[in-house]
Every structure is written in structure tokens, then in C-alpha cells.
There are 2 protein chains.
Amino acid sequence: MNVRLRLRRNALSDPSNPADPTDPTLTSPGTARPEAVALPAPAATVTLTEVAAAAGVGESTASRVLRNHGSFSAATRERVLEAAARLGYVPNRIAGTLASAGSNLIGILIPSLTNIVFSDVLRGANAVIDAAGYQAVVGVTDYDPRREEALVTSMLAWRPAAMMLAGLEHSERTRLLLSASGARVAELLDLDGPGMDLVVGFSNEGTGEAAARHLLARGYRRIGYLGRDFARDIRAGKRYRGFVSTLAQAGLSLVDEEFLGSGSSVGAGRTGTQALLSRSPAIDALYFANDDMAIGGYFHCLASNIAVPERLALFGHNALDVGRFAPRPLSTVRTPRVSVGETGARLLLDGAPAQVVDLGFELIDGATS
Amino acid sequence: MNVRLRLRRNALSDPSNPADPTDPTLTSPGTARPEAVALPAPAATVTLTEVAAAAGVGESTASRVLRNHGSFSAATRERVLEAAARLGYVPNRIAGTLASAGSNLIGILIPSLTNIVFSDVLRGANAVIDAAGYQAVVGVTDYDPRREEALVTSMLAWRPAAMMLAGLEHSERTRLLLSASGARVAELLDLDGPGMDLVVGFSNEGTGEAAARHLLARGYRRIGYLGRDFARDIRAGKRYRGFVSTLAQAGLSLVDEEFLGSGSSVGAGRTGTQALLSRSPAIDALYFANDDMAIGGYFHCLASNIAVPERLALFGHNALDVGRFAPRPLSTVRTPRVSVGETGARLLLDGAPAQVVDLGFELIDGATS
DNA sequence: CTGAAAGCGCTAACAA
DNA sequence: TTGTTAGCGCTTTCAG
């Protein structure tokens, strides 16, 4: 069954999808606009001047009432509020911001929306930002420093109150733009390196070390790694480094490793595990770049009747729900993703001094190791 | 192991986290700002006037060059561009927008960031929006119409070029604000009801009907349902309606059903399946509100040695990767989430006439039914 | 091809 | 407590 692109040309002429006939937007189809930066001029909007006139007061008085700032009599207040409501006044923050300096916009740049890590961070940050009356402007960099730079440029054009970025690695120009803008900056999710201003996260190297220590303590000695290209995910590379260096301290090195390209993480985990196992059957434990891949590996084991962890131990990263509720809870590391977003946003809004905040992590001793 | 809240007070005094000593933002700690709407005034920024002066041309000429609009000599162009680069000029879009009317902001309101459905839509929309030189301002409504209304209000204050909302259900005032604003509106992910302007999605009732037809065709007759509160997820309710009405047409009704509260979807799926099965052991197939829950149910079956689909068939919704790569691929419905975001954004930017676009869905005949 | 001048809608002194 | 007056930084006529 495949019901694709059944496109009804106009809602108005389609009785099966009754549209509200009183809605003016439906009656004005608009024309094609190939050039992007020229959308319809908004319908004539009510301005503060009109509200003031309708209320019979001066502009500044109306402004004061509407912002509840400064002084005015109860009577004026009443009249202004009534007029604003009656006219359907929606303040123009663009004008407001220009006049007063300082927007309520906060720029957030994340590498990806596919990866739950970043949507969690975004969720945490947005909750705080929103509660404080600010608004999040989000950009997705696709793990590309040049896209990050471009997004920083265009966001800075909106004079955001602050900026939040993922990680500590940025182009020189990005750093320059940011520091020249005077906006506060929070760098999230990584502690392993120098930051610009606020740094909130946990040590990725640390999580790798912890994972290695855990597997070593459990007696595993023939360990493999399954991950992705580190150029794309720098923090996974830091975890790998921590993991490998801890193995080295125990006089060990990875038995085998596999780096897969793009595509589904779960799928990559499944096929990668199969590949590793057939290439290096002696492997007794696998460290994955993240839980998605680890779950894929777990699925391979289930499908191929490989005993976990007796024959093969699995260790992930992130503590996703799907691993937590698997028949055998996945051994992994819980990272404080939502708190990272929340804390970063809060410190920014509180005007906290430049500092590094380590939110730590927690090793989850599941049933797959 | 639990490494929590190790908070280093100041990056500058912490040798273990070497900060860039040349970065000025690090040397000015800033002071506490309890009142949110008063972040630091941005550092003195270069204005167009200064660029023009430095280049020895008039403001309007500089403006024309910088926007590459209107006419100017190659020589002037050179001088202006050089001056802008030298001074590190970052155009102020707030002023630009105020002067010219029409921002490049597009407001996107989604119910949740936890649910991959909405991050997929956001991802699709953002890709198009971004490529066209616009910027996404996102808000999360938490499935609450009043929060949606509040967010619409504050977004409209930024005079967005367009707005994108999830679903067709909105408060009367939300509708009013939107249509009064003159901004184009796209409602996403649902077709089952009247829309305001652009409507892009698929029929949720249709997916429910398809799921029911599929299970009936497979011979299942004792069917149960596992989901969440419909007040929260209206579209899940529509799927349920489609499902149940199709069963009714076959003279059947649900054997049992369970509605779980909040918390992990996978976890809810697992415990809910267990509950349903012990309460109504005769159930031979389970329809889930989404794949996360279905995977939870599948995990329960794996853990309890319940043969899938021989003893119990499972049917989900959304076609997530995790179901696709499970030992037995999950039977589900693939929804065009990313396309919904992309298409909505593109139609908005193209100034397409008000219409309903049905992107359809695809039933995935997996191995769990 | 270029510059002067008039706002965009609002806020912020400053008087009254 | 209220109104008047300058701008915020930019775009946009409209002359030159």
C-alpha cells in the first residue's frame, strides 16, 4: 500500500476538507515568489501610535502601560489596555529592540536534529529560555564548521542576547565574530579543551575511560570498537581516545575496529557488529560510539543467537530509553544532556561569570557486560 | 560510578582547562542579572554609517553595495567591501527589517522535541528554510493550546515571514492572531479537519484504517490497543478512531485497550503490553500508538518468550529505524515526516496558494504481523 | 552612479 | 503622571 502525493489543488474547492470561509488568508492565494527574501508585506498592522490615539494618550504613556514600566494612573492604564485589546495590537519587537538595544533572542547552534543528544540539549535550553521570556533561534550545522560560521554570522545579525554552541571546536572566524559581537557564549557537551566563555558539559574522554575501566574490571580483554567517522563527530573521537588510552595503560589495545559511513545508526550497529565478529571472532566485548549503534549490535546478537554478555559484551553511550528497556538493559553511560541545555541557558540568562561547569556522567552497569 | 556537579568556579584559574588568554570575553566575568529581560548591552558594534564614512561614500551607497542591490561602480564596491571587512561590519537585521518591512524569520511551533516525529519535521523544514536564507525560530508547545497561543503571540511580535504549526487544532484566539497578522501559515502532519491556509501532511485516520485492514486481512480477530492520553496527542486519537471504525465495519471491536500516562514510551510499551496480556490473554494482535511503544511491546515478548507474531502480532506507527533493524522488522506505517517539513516550508516560501497537500503514507509489512 | 532626507515603530530621556 | 522629542540602524524614495 502506497498512497503518495495525492495533491488537492485548493482547499476551498474541496468539499472533503471544509475550510473556514471567514478566514481572509484563505481567500488571497498570493503569487509565486522565486526570490526568497521577499515574502508578502504583512497586512497593515496596528501600531502603538494608533493605540495611543485610540486611548487618547501620548505614545510614551501607552508604551509604559503596555510594558508595565514607569508610572501611569489606573484610569489611563485601563483605557490603553482596552484600546490595545480592541484594536488587536501586537507589539513590534523589531522596533522595540532597535529602540532599546538588546533582543530577547537566543541563538542555538546544534550539529544535528537526528541525533537525540542534540534535541535533548535543545529541549533543556528551550525550556529555560522560554520560561524567561526569551526566544530560541535554532540553526543546524550538520557538523560542518563552515556552516556553523555562516549561521553565526546570520544569527549575529539579529543581535541575540546570547549564543549557545555545541562543542569547543569552531573556526577562527567564528570565534572572532562571537567575541566581537559582545554576546555571551555557552559551549555545550564537551569539557576537553579550552572554551570561550561559559562551558557546560562533561568530559567525553572521561566517559571513554570509564567505559574501558568497566570492561577491564569485568575481565574482558579482546575488545573491539564500532563507530563513525570522527571528523564528523569530534566528541565520539574524544571518547575513543579516552577508551583506547585506558586500554593502553592496561597493556592492551583494540583487537579490531570498524568505522561506518552515514545511514541509520541502528542499522550500522547491526551490520558493523556482524562484520567485526566475522573478521575477528575472538572479540569478547564491543564498545560502541553510542547507544543506537549498540542496540543495533544487540539486535544482531539476538538474531544470530549470540549470548550477551557471555559470548559478547556490549557497551554503549548515552543511556537512551530503548537500551534501558531492552530485554537485557544495555550497559552504557548516562549523559546529562537535558541539564546541559538547561544549565547553559540559565547561566547565560543569569549573567554568570565565564566558567567551566562539569555536570558529570553516570556509568550504567546494565546486563550486557 | 557517579561524577556529579563538579563545578569549577572560573575557567581562568583552572590550569586543567587552559583557556585562550587572548579571548576578551573570558576576562570580563560580568555580573549577576536576576531580571531576565536585561542582558548585557552588546559591545559597541560597527554601523553602516561608519562603514560608509570609512569608505568615503554615502550611507545609501554603502547599503546598496552591501546588499548587492541597485547600481554602483566597481570602484565604490571595492572600497565599501574593503571597509566593511576591515571594520568587521555585521549588518543589523533588526534595523534592516524595521526599515524595509518583512523579516527572514519563520516561526515553527511543535508540540515536543522528545518525539522524533517533530524533530524530523523540524529538520525538514529547517533545511529548506535555511537554504533559502531564512531563519527558524522554534517554540515547543508541550501539546498545550494555551502555550501555543502564547508562543504565537510572542513570535508574531517578531513579524515572521510565515508560521508553521503542528496539527489543525488551535485555540480560537490563535487562529485570530494568525489571520490578523497576515503571515502565511502552514499546518502540518494532519489532514483530518479544516485548515487555515496551507495544510501539509497525511491522514492519521487513514493510517489507523490501513493498520486495521492489514491486521484483519492477516486473520487477527482479538485485537488490543496500547496508547496514551488522546488529549495530549490528538493525532494518535485520530489513528485510533480510524482503526476502531475499520474494526467495526468488520463487526469487531477492541478486545482490550490501555492508556498509559507519561514517562518513557518504550517503557510504557513494555509494561503496558504485559498488563494487557495478563488481563486479556486471548489478545492475538496489538496496535500501538507509535513505534516506540511497539518496540517496548516487542521487548516484553522477547523477554517473556512470547512468539511474535505467532502468539502475538505487533503493529506500530512511524517506521523508526529501531523497528526496522530489530531481529524481526516491525510492522508499521511509514509517515513522510521530513517531507512534511520540507514541503510545508517550500510552499510557504514559494508563496503557493492555500491548499491541502496529502503526502500519503506507506504501510510497512514487517515480520511482526 | 550617488547622496540627502525621511521614515520604519518603538523606547528613553527630559520637561511639563 | 504625562507628553514631547530624539534617535536606534537601516532602507528607500527622490533629486542630482
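Just so it is clear: chains get the letters A, B, ... in the order the sequence lines come, proteins before strands, and each one is counted from 1. Just so it is clear, the structure is predicted and the values come from calculations on it, not from any experiment.
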Between atom [atom1] in [X] and atom [atom2] in [N], what is the gap in whole Å?
| X | N | atom1 | atom2 | answer |
| --- | --- | --- | --- | --- |
| Ile94(A) | dG9(C) | CD1 | P | 11 Å |
| Glu59(A) | dG9(C) | CD | P | 11 Å |
| Asn92(A) | dG9(C) | CG | C1' | 6 Å |
| Leu87(A) | dG9(C) | CG | P | 14 Å |
| Trp158(A) | dG9(D) | CH2 | P | 15 Å |
| Leu48(A) | dT11(C) | CG | C1' | 9 Å |

Arg64(A) atom CZ, neighbour heavy-atom count above 12 within 6.0 Å: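 Yes - once you tally the heavy atoms of other residues, nucleotides and ligands closer than 6.0 Å, there are more than 12.
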If you find the nucleotide of DNA chain C closest to Ser100(A) and the one closest to Thr97(B), which residue's nucleotide is nearer the 5' end?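 Between the two, 5'-proximity favours Thr97(B).
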State whether a side-chain donor-acceptor pair under 3.5 Å links [X] with [Y].
| X | Y | answer |
| --- | --- | --- |
| His170(B) | Glu149(B) | no |
| Glu148(B) | Ser171(B) | no |
| Thr76(A) | Ser73(A) | yes |

Between Ser63(B) and dC10(D), is there a side-chain N or O to OP1/OP2 distance below 4.0 Å?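 Ser63(B) to dC10(D) OP1/OP2: no side-chain N or O under 4.0 Å.
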Is the phosphate of dG3(C), meaning OP1 or OP2, less than 4.0 Å from a side-chain N or O of Thr61(B)?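 Affirmative; the distance criterion is met.
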Which salt bridge (Lys or Arg N to Asp or Glu O under 4.0 Å) pairs, counting each pair once, include a residue from residues 67-82 of chain B, with sequence neighbours left out?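 Residue pairs with at least one partner in residues 67-82 of chain B: Glu82(B)-Arg86(B).
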Heavy-atom donor-acceptor pair, Ser60(A) side-chain to dG3(D) base, under 3.5 Å: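 For Ser60(A), whose side chain was compared with the base of dG3(D), there is a donor-acceptor pair (under 3.5 Å).
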Taking Asn104(B) for the side chain and Gly133(B) for the main chain, is one N or O donor matched with an acceptor at less than 3.5 Å?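 Side chain of Asn104(B) to backbone of Gly133(B), a donor-acceptor pair under 3.5 Å: yes, one is there.
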Interface with DNA chain D, restricted to residues 64-77 of chain A and to heavy atoms under 4.0 Å: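 Only Arg64(A), Ser71(A), Phe72(A), Ser73(A), Thr76(A) qualify.
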Start at the 5' end of DNA chain D and walk down; is the nucleotide closest to Ala99(A) or to Ala62(A) reached first?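 This one resolves to Ala62(A).
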Which nucleotide sits closest to the side chain of Leu98(A): dT2(D), dC10(D), dG9(D)?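 Out of dT2(D), dC10(D), dG9(D), the nucleotide with an atom closest to Leu98(A)'s side chain is dG9(D).
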Inter-residue atom distance Leu48(A).CG - Asn92(A).CG, 0.5 Å rounding: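 CG of Asn92(A) is found 10.0 Å from CG of Leu48(A).
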